[in-house]
Amino acid sequence: CQPKVNMHSHTVVGAGALIRWRRPGRGLLAPANFLPAIENQPISLRMGEWALSTALAQAAAWAAQGLHVPLSVNVSAIQMQDAHFVPFLKATLARYPLLHAHSLELEILETTALEDINKVSQTMLACKLLGVRFALDDFGTGYSSLTYLKRLPAEVLKIDRSFVHNMLSDFEDLAIVQGVIGLATTF
């Protein structure tokens with residue numbers, strides 16, 4: 001897991017679960033080096049379930065030590081459109097009674113093409129009834145940013161770093177960031 005730090009107070013405010021593949025002969029591979037090959041394939045469902053279960057087990061271990069850290073976990077489009085996702089999530093959360101569902105934030109990559117945005121929205125609402133929160137990740141780089149913003153009930157909007165990185169020196173990037181913040185506030 002990677003810590004999320006408040007830069008003003010220098011305190012850890014959460015953690016993000018990161019998947020890596022230790023491949024013999026190639027070392028530790030970043031997600032971009034292997035996830036596209038399995039995107040929208042049945043194996044990605046199993047990998048997504050494993051990643052979510054593993055992340056929640058780690059959060060539960062922290063909670064048992066008195067450390068309650070909000071945790072962000074990426075979920076794929078295929079997971080969000082799978083009829084078994086909500087029951088799986090509910091059962092997995094039930095295995096860890098020390099965890100509070102509201103401390104789990106599921107991140108949907110905005111660059112992922114969601115074939116059935118209505119289904120994804122319904123899945124998100126069902127997860128929110130469990131107490132789980134949502135974030136749209138890499139916002140501004142995907143297929144239909146405004147549609148996602150309007151139709152998906154997310155609490156957090158993570159503007160893509162390509163806009164944020166230079167916003168203090170590039171007035172166009174700053175204008176985009178300010179515009180996205182304004183749109184998010186409106187929606």
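Predicted, not measured: the structure shown is a model, and the values here were computed from it.
Looking at Val120 and Gln81, their side chains come closer than 4.5 Å, going by heavy atoms from C-beta outward. Glu107 has its side chain out of reach of Val73: every pair of non-hydrogen atoms, C-beta onward, lies at least 4.5 Å apart. Residues Ser53 and Arg95 have side chains in contact (heavy-atom distance under 4.5 Å, counting atoms from C-beta outward). A heavy-atom distance below 4.5 Å is found between the side chains of Leu35 and Ile19. Looking at heavy atoms from C-beta onward, Leu174 lies out of side-chain contact with Asp170 at the 4.5 angstrom threshold.
Nearest heavy atom pair, residue Ala63 against residue Leu99, reads CB-CD2, 4.2 Å. For the pair Ala17 and Leu71, the tightest heavy-atom approach, listed with the atom from each and the gap, is N-CD1, 4.1 Å.
A donor-acceptor pair under 3.5 Å is absent between the side-chain atoms of Thr54 and the main chain of Ala51, judged by distance alone. Judged by distance alone, with hydrogens and angles left aside, the side-chain atoms of Thr185 form a donor-acceptor pair with the main-chain N or O of Ile181 at under 3.5 Å. Checking side-chain atoms of Ser44 against main-chain N and O of Glu39 turns up no donor-acceptor pair under 3.5 Å.
To the nearest 0.5 Å, atom CD1 of residue Ile108 and atom CE of residue Met124 are 4.0 Å apart. Here Leu89 contributes atom CG and Cys127 contributes atom SG; the two are 5.0 Å apart, rounded to the nearest 0.5 Å. Between the CG atom of Leu52 and the CZ atom of Phe85 there is a distance of 6.0 Å, given to the nearest 0.5 Å. The CG atom of Asp173 sits 11.0 Å away from the CD atom of Gln178 when rounded to the nearest 0.5 Å. Between atom CG of residue Leu45 and atom OG of residue Ser76 there is a gap of 6.0 Å, rounded to the nearest 0.5 Å. To the nearest 0.5 Å, the span separating CZ on Arg23 from CG on Asn33 amounts to 10.0 Å.
Listed by first then second residue, pairs satisfying ring pair (Phe, Tyr, Trp, His ring centres under 6.0 Å) with a partner in residues 19-52 read Trp21-Phe34, not counting sequence neighbours. For residues 126-135, the salt bridge (charged side-chain N to carboxylate O under 4.0 Å, His left out) pairs, not counting sequence neighbours, are Glu105-Arg133, Lys128-Glu155.
No option in Gln2, Lys4, Lys158 other than Lys4 meets the side chain to side chain donor-acceptor pair (under 3.5 Å) test with Ser72.
Crowding of His68 atom NE2: a count of heavy atoms from other residues, nucleotides or ligands under 6.0 Å exceeding 12. Shown here is Ile43, whose CD1 atom has no more than 12 heavy atoms of other residues, nucleotides or ligands within 6.0 Å.
For Asn6, the side-chain contact (heavy atoms from CB on, under 4.5 Å) test picks out His8, Ser9, Thr11, Val13, with sequence neighbours left out.
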